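Step one of this worksheet: look at the structure below.
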Amino acid sequence: MKMNRVAILSLAAIPLVLTACSAPASSDSAAGTTLSYGLWDANQLPAYEQCAADFQKKNPDITVNVEQLGWDDYWNKINTGFVSGANYDVFTSHLANFPEFMMNSQILPLDDYIKADGVDIGAYQDGLSDLWKGTDDKQYGLPKDFDTIALFYNEQFTDAAGLTAEQLGSLEWNPEDGGTYEAAIAHLTVDANGVRGDEPGFDKNKVATYGIWMENSGGADGQTQWSFLAHTTGWEETNGAWGDEYNFDDPKFQATIDWWYSLVEKGYMPSFEAQTGIGWSDQLTAGKAAMASNGSWMTGAVFGAANDSFTPAVAPTPTGPSGERASMFNGLADNIWAGTENPEEAWKWVSYLGSLDCQNVVGEAAVVFPALPAATETAVAAFEAKGIDVSAFTTQVEDGTTFLFPITDHRSDVNALVTPAMEAVMSGKAPASSLSAVNKQVNDLFK
Amino acid sequence: MTITADKEAPQRDTPRKRSVPKKVKKKANRDSQLKSAVLFLIPASIGFIVFFAWPALRGLYLSFTDYNLLRPPTFIGFDNYVAISTDPVFWNSLKVTLQYVVINVGVQTVAALLLAVLMQRFTRSMVVRGVIMLPYLIANVIVALVWFWLCDYNLGIINAGLDFFGIDKVGFFGNENIAMGTIAMVNVWRHLGYTALLLFAGLQAIPKDVYEAAEVDGAGEWRVFRSVTLPLLRPVLAFVLVVTVVGSFQIFDTIAVTTGGGPVDATRAINYYIYQRAFERLDFGYASALAVILMIILAAIALLQNKLLRANESDLER
């Protein structure tokens, strides 16, 4: 009996030992070095495979394996890869996760390499490289692309409402009466009887087409929802990059959110209840909304959905009390895993990804805007060749009206606290002033 | 299943009647049986140890640490548990989980019982059984997404139907008061057939002569159900209840692909909260403590159910 029990235990231990020693993702072979590279956007996979092939031609001793995984699996793989010791040598990184990686020394600073190779970090679109600076003032990534916010709309609805592209391109907004921006949204809203939102007899409980769509509450950054409005009032989400103080208690911010929610009460925008379900781009395509604010990364998806009843177009976001437009400026970069066995080769690949050669290839694919201005031009031209005018996105960069993604420590905790509070406001359960209480909770995280 | 286990038990304890040589032979026999038993048990025990026992022990340890996955865990004693005791999101998650369990298990058990009795009384058709089973064969996530689309406020066919009849549209997943009920009903739809078949199998095991006797005594349909079917079905019903209650407490996938815990916290069930704490906020210590609490709650409920429902005895043997 006893013997048998020992046998069982020792047999059972075998898989534990086996799982403990899985092979690292990269290895040196006789032919040279193999690097693994990860990204999550399937639309960009062909461009990066092209970059890898071009890179290998120039560096025959380095092979790059490009792998693409869906968003959730991708981050699970990277997070667990840090622990298991088997991770991508180089991976596409996002600002939502970058602070945690940097604070825990899981990614390599690039300063020494940048210095040695003389890479001009100022060559990228203004401010993009700052996004990838750590609290230690070290550079952790070379910018690869950027995104801005604009208003996607259905031209058939704006034509029917008598709104021209020029008018849509020069809308003005303020948090008191919403300005011409609200007037346009009201006019574009149509109820089941064909009555417009600004006409007498409009039934706000039977809306057929909303003037503008709400894509959930926007959480702690409101990137595509409210940040482009709030920032025109002079509001800043935090006290600077790597700040330790959030400003959700600012009256300017709360006035913006109160105005935003007033659109729901007026019937111009779906309530939180009514927007839960099928995503905004499908609602826009299906004619349930005339306009929707969103990011440049959605351009391909929205224009790809054009059909007999949906003629997509883009307008820039409205100007605000500051007299200027505003758009969050977010960008991706490639990080090198601190545990890589081949940091030199990884840097070679990262610097190639940040070079004009690769960024032009990415630009030609017309999916995103590459971070180098010349490659941005390539992308704009490639979009134009497809018949898509993307100036609504690039105008924010040209006019210098962008502001950076609010990057701080505890970002996921902030998001977890603010999202339910924002949902309560947008469900009409609490006024925007209730956000002051959550702001205190948020700021306590930094104490 | 529990019925057969009860029948086996007395046989194992009766070697006293047998002669001595037989006993020796039996012992040798038992040893060789043990060897094959061990052989057959190995695959399951490996799975149990690797995927259940070891992670559970490690989870228990991590629940006493501050652990963000990227740095080694630091021992902090009961700090996580103290923090949880004053965490309003945790208490709310227990409330909404309970809400889900009550609606899900309540509706599902009653409906499945009805379905099982109907099947037993009126049909032996394999086609009917197959159709009833069908929703269970579709992946959870797909079921959730399909209902999410069907229930969409603006584009869903259900709201289009309501609108056609002049009834106000309903935010099935977007309304705080309705969302958890919707999710519970979606899973009732998926699991109903499976539960009904389990109960149906239990009904089949009830001897026909009991029903004949009841008929001779002049008992009506309802009386037969209440005095014969229900008491004799109790062990199976208890098994079904324990499994579905424990399963319901762990609701996750439907929430993950539809509401994501919202609106506000209306569908942030305990398992979803654990997931968010661990994988979104990288707070694995806190999440492990939550998981340990959930495990204790589930063990207590399962024990209580077993006691109350007397799951391991059958009225058939009295």
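Residue numbering restarts at 1 for every chain, and letters A, B, ... go by the order of the sequence lines. In this text, all values refer to a predicted model and were calculated from it rather than measured experimentally.
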Side chain from CB out, backbone as N, CA, C, O: work out which of these in B:Asp283 comes under 4.5 Å of a heavy atom of chain A, or both, or neither. neither

At a heavy-atom separation under 4.5 Å, does B:Leu282 approach chain A through its side chain, its backbone, both, or neither? side chain

So, does A:Glu423 use its side chain to make a donor-acceptor pair with the main chain of B:Val264 at under 3.5 Å? yes

Would one find more than 12 heavy atoms of other residues, nucleotides or ligands at under 6.0 Å from atom NZ of A:Lys429? yes

Evaluate B:Leu70 against A:Phe101 for side-chain contact (heavy atoms from CB on, under 4.5 Å), listing each step before the verdict. CA-CA 8 Å; B:Leu70 304 179; A:Phe101 296 166; 4.3 Å; yes

Are any non-hydrogen side-chain atoms of A:Pro420 and B:Arg268 less than 4.5 angstrom apart? yes

Restricting to non-hydrogen atoms, name the atom on B:Pro263 and the atom on A:Phe272 that form the minimum distance, rounded to 0.1 Å. CB-CE2, 3.6 Å

Which pair of non-hydrogen atoms, one from B:Asp168 and one from A:Lys206, has the smallest distance, and what is that distance? OD1-NZ, 4.2 Å

Name the option with the most non-hydrogen atom pairs under 4.5 Å to chain B; the candidates are A:Thr419, A:Val207, A:Asn415, A:Asn104. A:Asn104

Measuring heavy-atom distances to chain A, does B:Val170 have an atom under 4.5 Å in its side chain, in its backbone, in both, or in neither? backbone

Test side-chain contact (heavy atoms from CB on, under 4.5 Å) applied to B:Phe279 and A:Asn76, step by step: CA-CA 8 Å; B:Phe279 292 95; A:Asn76 277 344; 3.7 Å; yes

Side chain / backbone / both / neither for B:Asp163 at chain A, heavy atoms under 4.5 Å: side chain

Donor-acceptor pair, distance only, cut-off 3.5 Å: does the side chain of A:Asp413 make one with the backbone of B:Arg281? no

Measure across A:Met103 and B:Arg71 and return the closest heavy-atom pair with its distance rounded to 0.1 Å. O-NH1, 4.2 Å

Quick one: does A:Ile278's side chain get under 4.5 Å of B:Trp149's, heavy atoms only? yes

More than 12 heavy atoms of other residues, nucleotides or ligands under 6.0 Å from CZ of B:Phe48: yes or no? no

Heavy-atom count check: over 12 atoms from other residues, nucleotides or ligands less than 6.0 Å from B:Tyr61 OH? yes

Are there over 12 heavy-atom neighbours, none belonging to B:Phe78, within less than 6.0 Å of that residue's CZ? no

Quick one: pull up CZ in B:Phe173 and CD in A:Gln275 and give me the separation to the nearest 0.5 Å. 13.5 Å

What distance separates A:Thr276 OG1 from B:Asn175 CG, expressed to the nearest 0.5 Å? 9.5 Å

Do you know which two heavy atoms are closest between A:Ala286 and B:Leu155, and how far apart they sit? CB-CD2, 3.6 Å

Is it the case that over 12 heavy atoms from other parts of the model lie below 6.0 angstrom from the CD1 atom of B:Ile138? yes

Considering only heavy atoms, which portion of B:Glu176 lies under 4.5 Å from any heavy atom of chain A: side chain, backbone, both, or neither? side chain

Looking only at non-hydrogen atoms, find the nearest pair between B:Asn154 and A:Ala274 and report the distance. ND2-O, 2.9 Å

